[in-house]
There are 2 protein chains.
Amino acid sequence: MSCHEHVIDQLRDAGVRLTPQRALVLDVVYHSEGHLTADEVYEQVRVQSPYVDLSTVYRNLVFLRQQGLIGELRLEGQPARFEAVRSGMEHHHAVCTACGCMVEVGHCDLAGLEATLLSKYGFRLEPIHLTLSGLCQQCAASA
Amino acid sequence: MSCHEHVIDQLRDAGVRLTPQRALVLDVVYHSEGHLTADEVYEQVRVQSPYVDLSTVYRNLVFLRQQGLIGELRLEGQPARFEAVRSGMEHHHAVCTACGCMVEVGHCDLAGLEATLLSKYGFRLEPIHLTLSGLCQQCAASA
DNA sequence: ATTGCAGATGCAAATTTTTGCAGAAGCAAT
DNA sequence: ATTGCTTCTGCAAAAATTTGCATCTGCAAT
């Protein structure tokens with residue numbers, strides 16, 4: 001039916017219900033290259049199924065984020081954005097507070113933190129998307 | 001005037017205007033032990049100065065967060081909460097996705113990540129508050 | 001195929017957060 | 001003390017996100 005049966009299987013295995021609305025939201029996010037706002041997802045969903053409600057889209061975005069299937073990106077001064085989390089390519093974003101540019105940071109770069117959290121606090125970090133703040137190379141240089 | 005002149009000095013040095021409203025918001029957050037929602041800050045502020053607007057509180061919370069003077073905590077299913085960032089005690093929160101409990105994680109625990117970001121991407125991580133997700137020791141054990 | 005029920009949806013309304021704009025006020029220079 | 005420039009504020013309205021509730025539906029068991 002679509003190009004991500006594995007994801008759907010993952011949901012089934014988790015014992016969650018696969019409704020058409022949920023599948024659509026998943027589809028839209030996974031077929032998009034960029035980072036979509038909730039409203040953009042909503043519009044895309046409605047192209048295919050005009051009676052889906054915006055609140056359903058929001059609920060599913062929250063749900064899929066909790067499942068680790070999509071990442072939520074919070075940039076300064078704009079609504080939240082969502083993107084697919086493709087297995088093996090989990091990543092986070094480092095955003096420059098000066099120029100707003102973004103760097104993708106592999107989840108593997110957090111391996112050290114993951115180990116520290118586990119040994120020091122017994123806490124198992126999950127690969128849920130993070131938005132890190134700081135200065136990019138250029139802005140740091142010119143400061 | 002208050003117990004955090006150093007913070008106020010920090011603002012002055014940054015060349016920003018110190019309005020009574022801004023000082024009040026800072027005061028309220030710094031005098032509170034817990035994590036306040038924007039609305040709670042607003043109520044506290046209005047005790048001392050009844051004509052301050054909620055939007056001003058929001059604008060100052062955003063501003064102070066950008067300055068790294070307060071931390072913003074986003075917990076599942078509740079409005080954002082804010083807390084003072086006390087120098088030398090910068091920390092983040094690791095939240096259990098199963099039971100909702102929270103662990104404080106020192107910013108120093110991110111030293112490794114900080115180094116990786118710098119060497120690999122030239123990115124200078126700032127000690128802006130993060131909300132990490134995962135499983136606490138107990139929930140991980142019983143899973 | 002039918003049934004039972006936990007979980008999902010649509011709708012309407014509430015809550016939370018952000019924004020536009022005109023007037024007010026901090027602060028550096030005079 | 002006054003001036004000028006720029007930023008900040010209050011107000012009103014919009015936008016973004018969440019919630020309550022009655023109904024509906026996926027899916028596991030029969």
Side-chain angles (χ1 to χ4, degrees), chain A residues 1 8-29 35-46 48-67 69-70 72-82 100 131, chain B residues 1 8-29 35-46 48-67 69-70 72-82 100 131:
Chain A
M1 177 199 272
I8 289 179
D9 289 346
Q10 181 177 337
L11 285 179
R12 261 191 231 289
D13 292 349
V16 265
R17 215 175 271 184
L18 187 64
T19 61
Q21 294 91 331
R22 183 164 289 169
L24 256 177
V25 169
L26 197 57
D27 244 51
V28 167
V29 176
H35 305 147
L36 301 174
T37 64
D39 216 60
E40 288 164 349
V41 174
Y42 177 56
E43 284 178 25
Q44 294 287 319
V45 164
R46 284 176 74 106
Q48 302 196 48
S49 182
Y51 297 107
V52 174
D53 195 76
L54 178 58
S55 70
T56 299
V57 171
Y58 268 105
R59 280 191 273 234
N60 277 309
L61 288 172
V62 168
F63 174 83
L64 295 168
R65 167 166 52 77
Q66 289 174 335
Q67 299 295 314
L69 294 175
I70 65 178
E72 180 180 8
L73 201 51
R74 291 196 160 265
L75 302 179
E76 210 51 62
Q78 44 182 299
R81 292 179 171 274
F82 301 86
T131 304
Chain B
M1 178 199 270
I8 289 179
D9 289 346
Q10 181 177 336
L11 286 180
R12 260 191 233 287
D13 293 349
V16 264
R17 218 174 268 186
L18 186 64
T19 61
Q21 294 92 330
R22 184 164 287 170
L24 256 177
V25 169
L26 196 57
D27 244 52
V28 166
V29 176
H35 305 147
L36 301 174
T37 64
D39 216 59
E40 288 164 350
V41 173
Y42 176 57
E43 284 178 24
Q44 294 286 319
V45 164
R46 283 177 74 105
Q48 301 196 48
S49 182
Y51 297 108
V52 174
D53 195 76
L54 178 58
S55 70
T56 299
V57 171
Y58 268 105
R59 281 191 274 233
N60 277 309
L61 288 172
V62 168
F63 175 82
L64 295 168
R65 165 165 55 75
Q66 289 175 335
Q67 298 297 315
L69 294 176
I70 65 178
E72 180 180 8
L73 201 51
R74 291 197 161 264
L75 303 179
E76 210 51 64
Q78 44 183 300
R81 291 178 171 277
F82 300 86
T131 305

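Below, read A as the first sequence line, B as the second, and so on, with proteins coming before strands; counting in each chain starts at 1.
- In this structure, CZ of B/R74 is placed 12 Å from P of C/dT16, rounded to the nearest angstrom.
- For DNA chain D, the outermost nucleotides in 5' to 3' order that have an atom under 4.0 Å from a heavy atom of chain B are D/dT6 to D/dT19.
- Of the two residues near DNA chain C, B/E72 and B/T19, the one whose nearest nucleotide lies more 5' is B/E72.
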Short N/O separations, protein against nucleotides 3-5 of chain C, under 3.5 angstrom:
none

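- Distance CG/B/L61 to OG1/B/T56: 10.5 Å, rounded to 0.5 Å.
- OP1 or OP2 of C/dT18 has not a single side-chain nitrogen or oxygen of A/Q78 nearer than 4.0 Å.
- Atom CZ in A/R22 sits about 12 Å away from atom P in C/dG10, given to the nearest Å.
- To the nearest 0.5 Å, atoms OG1 (B/T131) and CZ (B/R81) are separated by 12.0 Å.
- For the atom pair CG (A/L69) and CG (A/N60), the distance works out to 11.0 Å, reported to the nearest 0.5 Å.
- A straight line from CZ of A/R46 to C1' of C/dT9 spans 14 Å, rounded to a whole angstrom.
- Projected onto DNA chain C by closest heavy-atom contact, B/D39 and A/G77 fall at different nucleotides, the more 5' of which corresponds to B/D39.
- Remark: B/E72 engages B/R65, B/R74 in a side chain to side chain donor-acceptor pair (under 3.5 Å) (not counting sequence neighbours).
- If you check residues 52-60 of chain B against DNA chain D, the residues with a heavy atom closer than 4.0 Å are B/V52, B/D53, B/S55, B/T56, B/R59, B/N60, listed by number.
- Expressed to the nearest 0.5 Å, how far CZ of A/F63 lies from CZ of A/R17 amounts to 11.0 Å.
- Side-chain contact between B/R22 and B/V16: present, with at least one pair of heavy atoms (C-beta onward) separated by less than 4.5 Å.
- Rounded to 10°, the angle separating the first-five-pair axis and the last-five-pair axis of the helix from C/dA1-D/dT30 to C/dT30-D/dA1 equals 50°.
- B/L36 has its CG atom 17 Å from the C1' atom of C/dT17, to the nearest Å.
- Side-chain nitrogen and oxygen atoms of B/T37 include none within less than 4.0 Å of the OP1 or OP2 phosphate oxygen of C/dT16.
- The CG-P distance, from A/L18 to C/dA8, rounds to 11 Å in whole Å.
- Residues B/L64 and B/V29 have side chains not in contact (no heavy-atom distance under 4.5 Å, counting atoms from C-beta outward).
- Looking only at side-chain heavy atoms (C-beta outward), A/Q21 and A/D53 stay at 4.5 Å or farther from each other.
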Show every donor-acceptor pair shorter than 3.5 Å between a side-chain atom in residues 38-45 of chain B and any protein atom, with sequence neighbours excluded, or say none if there are none.
| unit_1 | atom_1 | unit_2 | atom_2 | d |
| --- | --- | --- | --- | --- |
| B/E40 | OE1 | B/T37 | N | 2.9 |
| B/Y42 | OH | B/R46 | NH1 | 2.5 |

